[in-house]
Amino acid sequence: MNDDTCASISESVDFIRAMIAADNASGKYGGRVVTRFPPEPNGYLHIGHAKSICLNFGIAAENQGVCHLRFDDTNPTTEDTEYVESIQNDVRWLGFDWGPHLYHASDYFQQLYDFAVELIRRGKAYVDSSTEEQIRQRRGTINEPGTPGPYRDRSIEENINLFDRMRRGEFDDGTHVLRAKIDLAATNMKMRDPLLYRIRKGAHHYRTGDTWCIYPFYDFAHCLSDAIENITHSICTLEFENNRELYDWVLDNVGLMPPRPEQTEFARLNLTYTVMSKRKLLRLVQEKHVKGWDDPRMPTLSGLRRRGVRPSAIRAFCQEIGVARTHNVIDLARFEHIIRDDLNLDVPRVMCVLRPIEVIIDNYPEDLVETLEAPYYPRDVPRQGTRAVPFSRRLLIERDDFEESPPKGWFRLAPGTEVRLRYAYIIRCERVVKDDAGRVIRLHCSYDPNSRGGQASSDKKVKGTIHWVSENHAVRVQVRLYDRLFVSESPDAEDGDFVRALNPSSLEIVEDACLEPAAAAAIGTEFSHLQFERQGYFSLDPDSQPHALVFNRVVTLRDSWGKRQEKETVPQTPPTNAPSPRSASSSKPTTAETDVEQELSDDQKALRDRIVAKGVPSREARLIACHPGLAEFFEDACDEASDARAVAKWIVNELLRELKSRVLSSLAFDGKDLGRLVALVTQGTITHTAGKEVFAAMLAGQGKPEAIVGQRGLEQSTSASDLAGIIDRVLHEHAGEVAAYRAGKVALMGFFVGLVMRESQGKANPSSVRSLLQAKLDA
RNA sequence: UGGGGGAUCGUUCAAUGGUAGGACAGCAGAUUCUGGCUCUGCAUAUCGGGGUUCGAAUCCCUGUCCCCCAGCCA
């Protein structure tokens with residue numbers, strides 16, 4: 001999995017890997033990397049989980065770390081060993097190994113209980129004996145703060161006593177819960193005294209049995225399980241963002257200090273034409289819209305496995321789609337592309353006629369059977385192997401490969417036209433036989449004996465090549481053709497119920513497909529997959545019997561002809577250029593000025609007016625006036641720099657960014673220092689570019705501006721000849737770019753300026769650089 | 001309407017303040033005994049408005065849109 005080809009192909013890494021690399025560099029966890037995949041055993045794993053598995057196990061492997069498999073089994077009412085087994089099976093199948101690191105949250109129940117008691121002792125948790133409804137009421141809403149209930153201030157002793165009795169099973173479900181004592185008015189709803197433990201007296205846990213009458217919630221159990229296992233990076237999906245504050249709170253309040261696990265969220269995988277929530281998948285199974293969790297139309301790993309998708313394809317897919325924090329919906333076509341790509345170079349090609357129509361070769365001897373040797377692989381697949389294909393007078397071809405009145409561009413068989421039978425002869429359709437209903441039942445053809453594949457005179461060209469089988473030699477097999485489970489690109493977004501978007505023809509069963517005999521003999525032993533030429537990749541379904549083979553279509557081949565037909569018959573409604581919601585601009589330009597104006601206090605207004613009086617635009621003045629202490633800082637700076645406007649720009653555009661994460665007083669420099677830096681720039685002692693470098697150094701606490709300029713030799717270089725030298729060298733070293741620039745790619749200007757600026761270490765004046773460059777390039 | 005996130009080709013992932021690039025999808029062509037594979041080429045994007053800068057997808061201000069949070073689920 002950890003192959004360096006991948007690493008070298010993609011130079012950039014995702015934000016999580018970048019963060020871990022930074023943690024390793026800083027020694028935050030002493031170079032340890034421990035991740036975990038924490039499924040709840042209440043459903044089957046799906047392709048979305050695969051993304052998380054590949055991420056967690058992949059990151060661990062890349063960093064010589066380990067990844068734990070931990071069952072998050074804190075809810076006895078929904079969990080089951082059936083799921084535990086399928087999950088382990090699926091992770092292993094995907095190609096990952098947790099070694100000895102198989103864990104269960106239920107293993108930690110005693111420790112978690114002890115942590116809860118510790119929280120109570122610290123006055124950070126209490127037993128609430130309100131009803132479920134009362135708790136909901138008192139939680140408030142998004143807009144209104146919650147209100148404390150009558151049990152919030154119970155004594156520590158009473159809480160411990162009650163919690164102990166909850167544990168002993170003295171109370172019924174729903175009569176008491178343990179809650180964290182945080183803040184019922186918190187803006188983060190997750191912090192409004194979240195529930196930590198509930199009573200599940202009668203429930204039977206699949207591992208701990210009836211030992212426990214109380215069970216911890218996710219927010220309590222998960223972070224502590226991570227901590228117990230010494231996880232370093234706890235990676236989860238975006239919907240847990242709000243839970244992170246609580247994650248940290250619990251670890252803080254049971255007294256766990258850094259280095260300790262930290263949670264990072266990424267965007268889960270979504271696929272077009274697919275539902276991914278466990279709830280919905282469970283419903284598909286329970287309501288029998290599919291045949292089970294492993295129905296080949298399901299996005300579950302067991303479904304994909306049964307369909308014939310290989311784990312290597314899923315791994316490649318997860319690698320391809322990347323990891324980010326943006327909500328995404330991956331085009332199903334992209335998954336299909338990867339599946340084909342994964343199979344293309346490995347899978348032998350054979351012939352199978354799905355919907356046969358009979359072909360009689362009138363001029364072929366009645367009893368002759370020729371045995372043709374046909375390669376398993378096309379020339380572009382570097383593999384060896386052939387099989388024998390019997391040819392005789394009575395053949396079967398695909399019904400779709402004959403058209404009585406062909407459309408333009410038709411390469412296949414039609415009355416009077418020729419087509420090549422793959423690896424065999426060229427035939428011509430001489431006569432069409434129909435039944436009473438007018439349906440074509442048989443084609444009489446002639447063949448050209450000199451056109452056999454591989455023979456000297458076989459280079460006769462025909463447009464089309466079709467697959468076929470000899471009728472008497474064909475093996476009848478069942479073929480299951482799968483299509484997307486939903487007709488809607490986003491079934492989740494369907495009005496009403498997602499099952500209404502189910503594709504009624506997601507499964508088509510072909511009972512008597514005709515497979516060439518060699519393929520029937522080799523599948524299941526020699527080969528796990530076959531390509532039925534021109535149709536798709538197929539795998540053997542476990543329903544197969546020795547003489548009743550069942551094939552699943554893994555994925556179709558790309559079909560540019562089919563696409564073309566589709567477009568001609570179904571006139572596409574032109575893509576409605578509905579305005580993208582995100583680009584919808586407001587029709588009423590709101591006046592930003594007045595909005596901010598309203599928030600200004602009288603004092604702030606006075607400050608702003610003083611700043612404006614120095615010649616600073618009101619917009620910037622307002623920003624400075626709003627920030628505590630900034631106006632004084634500004635005025636100090638103005639004492640050192642004559643240009644108040646310039647000082648304001650530096651403060652607004654450079655300093656304000658820093659002030660988002662720390663307060664003014666924590667800066668290693670004062671207003672006067674900043675003022676002198678601004679003066680250095682406005683007087684032309686250093687360039688603006690160098691000024692920014694100095695500013696960064698000042699932020700880093702590296703001293704006064706003058707000292708930094710001195711140390712680094714940042715005084716503006718005025719030597720025109722030096723500059724000319726640098727420019728000549730840069731242009732000489734980048735002749736290709738120069739040519740491209742002269743050919744019209746003027747965007748390259750920034751590239752050249754950047755190079756020259758870097759060469760001069762920011763000392764050159766960028767304006768002069770630009771004009772000199774311009775002159776040279778235009779010359 | 002509170003808080004937390006997000007916004008780059010049709011989709012998706014990139015781009016130390018310095019050439020907006022890749023993949024899939026699309027289109028056109030080459031090749032082909034699979035209308036497959038492969039190859040070549042084309043088109044299409046920085047949410048809007050201001051500002052800073054020689055230079056902004058990236059920094060500052062502001063607006064808009066989308067997602068998540070009010071389970072005794074995870």
Side-chain angles (χ1 to χ4, degrees), chain A residues 10-12 14 40 42 72 74-75 78 132 135-136 139-144 146 173-174 177 186-190 192 195 197-200 217-218 222 238-245 265 267 272 320-331 333-334 337 340 344-345 349 378-381 411-412 420 422-423 453 458 462 464-467 531 533-535 557-562 564 575 580-586 589-590 592 595-596 619-620 623 649 652-654 656-657 688-689 692 737 740 745 747-755 757-758 765-771:
Chain A
S10 55
E11 288 171 17
S12 62
D14 59 74
E40 184 190 9
N42 68 347
D72 215 343
T74 56
N75 185 354
T78 56
E132 195 174 339
I135 288 175
R136 193 180 4 255
R139 190 149 32 215
T141 68
I142 280 171
N143 298 310
E144 306 152 26
D173 289 12
V177 288
T187 51
N188 180 353
M189 296 295 290
K190 287 278 185 279
R192 316 247 265 225
L195 276 54
Y197 270 88
R198 77 282 219 183
I199 300 171
R200 286 286 173 273
F217 283 96
Y218 168 85
H222 196 87
L238 246 26
E239 64 269 27
F240 291 99
E241 269 171 331
N242 297 314
N243 301 58
R244 189 175 59 228
E245 191 180 354
E265 312 86 19
T272 55
E320 267 256 330
I321 57 174
V323 180
R325 284 180 70 86
T326 316
H327 290 283
N328 62 77
V329 186
I330 306 286
D331 195 338
R334 216 162 138 188
H337 175 264
R340 289 186 197 105
N344 179 32
L345 261 27
R349 274 65 165 172
R379 70 199 170 291
D380 49 280
V381 172
F411 292 171
R412 286 112 95 152
R420 173 174 288 283
R422 176 127 243 225
Y423 306 123
S458 67
V462 286
T465 298
I466 63 173
H467 60 279
Q531 183 193 104
E533 290 213 44
R534 308 206 300 134
Q535 311 204 79
L557 258 27
R558 267 189 79 214
D559 181 9
S560 47
W561 170 253
R564 185 172 145 188
S580 163
R582 64 164 82 113
S583 64
S585 54
S586 64
T590 50
D595 284 354
V596 179
R619 228 177 80 95
E620 284 156 7
L623 286 167
K649 280 179 182 174
V652 169
N653 290 298
E654 305 296 333
L656 232 38
R657 162 169 68 252
H688 188 270
T689 312
K692 286 175 80 165
E737 281 81 2
K745 190 161 181 178
L748 247 17
M749 189 49 147
F751 170 71
F752 293 126
V753 175
L755 288 171
M757 290 303 292
R758 203 165 306 139
N765 180 302
S767 301
S768 338
V769 170
R770 183 167 285 262
S771 48

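In what follows, chains carry the letters A, B, and so on, assigned in the order in which the sequence lines appear, proteins first and then strands, with residues in each chain numbered from 1.
Taking 3.5 Å as the limit, the base of B/G4 and the side chain of A/Arg325 contain no donor-acceptor pair of atoms between them. A/Lys692 contributes a side-chain N or O that forms a donor-acceptor pair with the base of B/G17 under 3.5 Å. For A/Glu654 and B/U52, a side-chain-to-base donor-acceptor distance below 3.5 Å is absent, hydrogens and geometry of angles not being considered. Judged by atom type and distance alone, A/Arg412 reaches the base of B/G35 through a side-chain donor-acceptor pair under 3.5 Å. Side-chain atoms of A/Asn188 and base atoms of B/G2 include no donor and acceptor less than 3.5 Å apart. The base of B/G36 is paired with the side chain of A/Asp380 by a donor and an acceptor separated by under 3.5 Å. The base of B/U38 does not come close enough to the side chain of A/Arg379 for any donor and acceptor atom to sit less than 3.5 Å apart.
As judged by a 4.0 angstrom heavy-atom cut-off over every strand, A/Asn328 is placed among residues touching the sugar-phosphate backbone only. Using a 4.0 Å heavy-atom criterion, one finds that A/Ser560 contacts the sugar-phosphate atoms exclusively. Residue A/Val177 is in base contact, counting any heavy-atom pair closer than 4.0 Å across all strands shown. Residue A/Arg192 is classed as having no contact, given no heavy-atom separation below 4.0 Å to the nucleic acid. Nucleic acid contact class of A/Asn42 (heavy atoms, under 4.0 Å, all strands): none. No contact: A/Ser771 has no heavy atom under 4.0 Å from any strand. Within the 4.0 angstrom heavy-atom criterion, no nucleotide atom of any strand lies near A/Phe752.
Secondary-structure stems of RNA chain B, taken as three or more successive Watson-Crick or G-U wobble pairs (i with j, i+1 with j-1) under a 3.5 Å distance threshold, comprise B:2-7 with B:64-69, B:10-13 with B:21-24, B:26-30 with B:38-42, B:47-51 with B:59-63.
Residues that satisfy the salt bridge (charged side-chain N to carboxylate O under 4.0 Å, His left out) test with A/Arg758, not counting sequence neighbours, are absent from this structure.
Ring stacking holds between A/Trp561 and B/G35, with the centres under 5.5 Å apart and the planes within 30 degrees of each other.
For B/G41, the base is anti relative to its sugar; the glycosidic angle deviates from 0 by more than 90°.
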